[in-house]
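Everything below concerns the one structure shown next.
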2 protein chains.
Amino acid sequence: MSDLLERLRERGWRLTAQRRVVAEVLDGDHVHYTADEVHARASARLPEIARATVYNTLSELVSIGEVIEVSTDGRAKRYDPNARHTHQHLVCSKCGTIRDVHPSGDPLAELPEAERYGFTISDASITYRGTCPQCAAA
Amino acid sequence: MSDLLERLRERGWRLTAQRRVVAEVLDGDHVHYTADEVHARASARLPEIARATVYNTLSELVSIGEVIEVSTDGRAKRYDPNARHTHQHLVCSKCGTIRDVHPSGDPLAELPEAERYGFTISDASITYRGTCPQCAAA
DNA sequence: TTCTTGACTTAGACATTGTCCAATGTAGGA
DNA sequence: TCCTACATTGGACAATGTCTAAGTCAAGAA
């Protein structure tokens, strides 16, 4: 994740302790925390970090494309740092767990011209829903 | 939409004025209101209808599969009454307009077994994002 | 190194969306 | 018509996110 900090610096960002901590929390694959979870984990390392700062930093990371915002259920948005490799999401309807998955087709190519209504389409995201093994066993 | 009322009656639902009004508001294709918009439109016909009643009725319609809940942006969920025909959604990133669309492939079939992580998958939804003609012109 | 400055952070008020509950009302069967 | 279980109401509450004014600080300049 230090390369993320590097990229941020190249964009002229001021590297504050708060931003560093948020970036560290988001480190790793298959991480899909809510803003609140990011705040909780960041607080563990930097107790005085403000909620607003976490929201600000997450929004900035999303706007420059380093992190993807995932809203699967109308509850809290989740933040997915694995933005450099296109992938889709598999969500457990019961516990809300999210996995990154890689389907075979290209959904963008599968939308006929007649179904585009003049839109300029930039992106397609697929959400698979089901029950995870843990919840199925319970 | 009177057939919806008929189906509800068959399920043993009590047909109250409030439920009737909510069903009427949801009548038609390409309708994707938020709960608040449903409430506003229902209030126009039945001024004393409570917010909680609208939420209750919408939840019930979703749980019996007459209406689909769509959360495209982490803001308010939208309610899509066109549930009997499977379809996907095309969302304008600027104004939030939603259109129903029908891509060619079957996303469920495109998720390899190795990418299912033991989940029992029940459903796949695709959200296309882009800019609608109106917003592109502005 | 120290200074300066504009960007960053903070705390808390506020906004939006959704849920819950006790009291009241009523649809539909007896 | 009367009963009663189910539905509705209104308002409190909860969860998530946004905004603002005042204070703080990273990083370049001198």
Side-chain angles (χ1 to χ4, degrees), chain A residues 5-25 32-43 45-64 67-80 96 98, chain B residues 4-25 32-43 45-64 66-80 96 98:
Chain A
L5 292 178
E6 199 49 49
R7 286 197 297 279
L8 296 180
R9 182 193 296 279
E10 282 166 10
R11 285 174 174 271
W13 278 32
R14 278 170 49 175
L15 286 190
T16 66
Q18 289 83 353
R19 286 173 169 181
R20 228 182 288 267
V21 168
V22 169
E24 283 170 18
V25 168
H32 301 90
Y33 295 140
T34 63
D36 220 48
E37 288 166 348
V38 172
H39 180 234
R41 284 174 167 75
S43 294
R45 309 190 192 194
L46 188 66
E48 67 278 18
I49 190 171
R51 229 160 45 94
T53 300
V54 172
Y55 277 100
N56 287 341
T57 305
L58 288 173
S59 299
E60 288 157 355
L61 289 171
V62 168
S63 73
I64 65 174
V67 166
I68 292 173
E69 219 173 51
V70 186
S71 42
T72 56
D73 63 349
R75 308 277 307 171
K77 284 180 255 191
R78 290 177 176 274
Y79 292 88
D80 180 345
I98 300 181
Chain B
L4 168 56
L5 292 178
E6 199 48 50
R7 286 197 297 279
L8 296 180
R9 183 192 296 279
E10 281 166 11
R11 285 176 174 270
W13 278 31
R14 277 169 47 175
L15 286 189
T16 66
Q18 291 83 352
R19 287 172 169 179
R20 226 182 290 267
V21 167
V22 168
E24 283 171 17
V25 167
H32 301 92
Y33 295 140
T34 63
D36 220 48
E37 288 166 349
V38 172
H39 179 233
R41 284 173 166 76
S43 294
R45 309 190 193 195
L46 189 65
E48 67 279 17
I49 191 171
R51 230 160 46 96
T53 300
V54 172
Y55 277 100
N56 287 342
T57 306
L58 288 173
S59 299
E60 288 157 356
L61 289 172
V62 168
S63 72
I64 64 174
E66 290 286 351
V67 166
I68 292 173
E69 219 173 49
V70 186
S71 42
T72 56
D73 63 348
R75 308 274 308 172
K77 285 180 255 188
R78 288 177 177 276
Y79 293 87
D80 181 344
I98 300 181

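Below, chains carry the letters A, B, ... as their sequence lines are ordered, and counting in each starts from 1.
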Nucleotide [N], atom [atom2] - distance to [atom1] of [X] in whole Å:
X	N	atom1	atom2	result
Leu46(A)	dC8(C)	CG	C1'	13 Å
Glu60(A)	dT9(C)	CD	C1'	11 Å
Tyr55(B)	dG18(C)	OH	C1'	5 Å
Leu8(A)	dA7(C)	CG	P	17 Å
Arg78(B)	dT16(C)	CZ	P	15 Å
His39(B)	dT16(C)	NE2	P	16 Å
Asp73(A)	dT19(C)	CG	P	11 Å
Ile49(B)	dT24(C)	CD1	P	21 Å

Hey, does the side chain of [X] come within less than 4.0 Å of [N]'s phosphate (OP1/OP2), counting only N and O?
X	N	result
Thr16(A)	dT9(C)	yes
Arg75(B)	dT17(C)	yes
Gln18(B)	dT26(C)	no

Any chance you could measure Arg41(A), atom CZ, to Asp36(A), atom CG, to the nearest 0.5 Å?
-> 10.5 Å
Residue closer to the 5' end of DNA chain C, Ala76(B) versus Leu15(B) (nearest nucleotide) = Ala76(B)
Which sits closer to the 5' end of DNA chain C, Trp13(B) or Ala50(A), going by the nucleotide each is nearest to?
->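 With Trp13(B) and Ala50(A) compared, the 5'-side residue is Ala50(A).
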Side-chain donor/acceptor of His39(B) to backbone N/O of Ile49(B), under 3.5 Å = yes
Examine distances only and state if a side-chain atom of Arg19(A) and a backbone atom of Arg14(A) form a donor-acceptor pair shorter than 3.5 Å.
-> yes
Beyond-backbone contact of Ile64(A) with Arg11(A), side-chain heavy atoms, under 4.5 angstrom = yes
Taking for each residue the nucleotide of DNA chain D bearing the nearest heavy atom, is the 5' side occupied by Arg14(B) or by Val54(B)?
->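 Nearer the 5' end of the strand: Arg14(B).
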Applying side-chain contact (heavy atoms from CB on, under 4.5 Å) between Gln18(B) and each of Thr57(B), Val54(B), Asn56(B), Leu46(B), report the one that passes.
->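 The option that passes is Leu46(B).
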Applying side-chain contact (heavy atoms from CB on, under 4.5 Å) between Tyr79(A) and each of Val67(A), Val22(A), Thr34(A), report the one that passes.
->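 Single pass found, and it is Val67(A).
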Closest to the Arg19(A) side chain, choosing from dC8(C), dG28(C), dT10(C) = dC8(C)
Span of DNA chain D, from the first to the last nucleotide whose atoms fall under 4.0 Å of chain A heavy atoms | dA15(D) to dA27(D)
Taking every non-hydrogen atom, the tightest pair across Ala42(B) and Val25(B) =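 Smallest interatomic distance, heavy atoms only, reads N-CG2, 3.8 Å.
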Looking for any heavy atom pair under 4.0 Å, which part of the strands does Arg51(B) touch: base, sugar-phosphate only, or nothing?
->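 It contacts base atoms.
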